[in-house]
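See below for the structure under consideration.
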Amino acid sequence: NIFQPLGMSLVGVEVPELLESDYAQGYQGNGEPAKRVNLAAREASGSIKASANDMFRFLRAAVGLPDTPQTILSAMHLTQTPFVQLPTFEQGLG
């Protein structure tokens, strides 16, 4: 519903063995490599992996650039719309 209309192809929850060498390594505050975490039970909240090019396509849609398909633009707008407003913060779907 999102990836295909935006032309995103190298996206998934698992990093294929063929692309492991391209997978970015994070680091802890002490400079040691951070353990890679897979949030398989919560794919939408951090487990989706994408190439830099595909992330660029997603971010173009998130800011609503002109070539964004209308269905994607509407969904992106909803994720950025506050639904709960409290004195110190707002919370939306995204």
Side-chain angles (χ1 to χ4, degrees):
N1 292 331
I2 296 172
F3 302 145
Q4 192 266 342
L6 293 178
M8 297 170 69
S9 58
L10 294 175
V11 180
V13 177
E14 301 284 330
V15 175
E17 190 172 324
L18 176 67
L19 299 175
E20 274 289 328
S21 64
D22 295 335
Y23 192 63
Q25 175 64 57
Y27 293 89
Q28 301 178 57
N30 63 4
E32 294 291 318
K35 181 180 175 187
R36 292 182 179 156
V37 178
N38 187 7
L39 304 172
R42 298 172 285 183
E43 287 88 358
S45 64
S47 284
I48 295 175
K49 285 115 176 124
S51 68
N53 188 47
D54 282 342
M55 221 32 239
F56 177 70
R57 292 172 188 260
F58 183 85
L59 292 173
R60 287 178 55 87
V63 298
L65 293 183
D67 59 342
T68 303
Q70 186 58 44
T71 55
I72 302 292
L73 190 59
S74 298
M76 289 291 189
H77 179 71
L78 277 175
T79 68
Q80 299 164 11
T81 301
F83 286 90
V84 176
Q85 295 184 338
L86 298 173
T88 58
F89 74 93
E90 298 175 337
Q91 184 173 342
L93 297 175

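By convention here, the first residue in the shown sequence is residue 1.
Nearest approach of Asn1 to Ile72, heavy atoms of both residues: O-CD1, 3.2 Å. Closest approach of Leu6 to Pro69, counting heavy atoms only: CD2-CD, 3.8 Å.
For residues 19-31, the side chain to side chain donor-acceptor pair (under 3.5 Å) pairs, not counting sequence neighbours, are Glu20-Arg36.
To the nearest 0.5 Å, atom CZ of residue Phe58 and atom CG of residue Asn53 are 14.5 Å apart. Between Gln4 atom CD and Ser9 atom OG the span is 11.0 Å, to the nearest 0.5 Å.
Linking ILVMFWY side-chain heavy atoms closer than 4.5 Å, directly or via other members, places Ile2 and Met55 in a single hydrophobic cluster.
Evaluation of the salt bridge (charged side-chain N to carboxylate O under 4.0 Å, His left out) rule for Glu90 yields no partner, not counting sequence neighbours.
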Can you list, pair by pair, the side-chain donor-acceptor contacts under 3.5 Å of residues 61-68, counting residues two or more places apart and other chains?
from, atom 1, to, atom 2, distance (Å)
Asp67, OD1, Arg60, NH2, 3.1
Asp67, OD2, Arg60, NH2, 3.2
Thr68, OG1, Leu65, O, 2.8

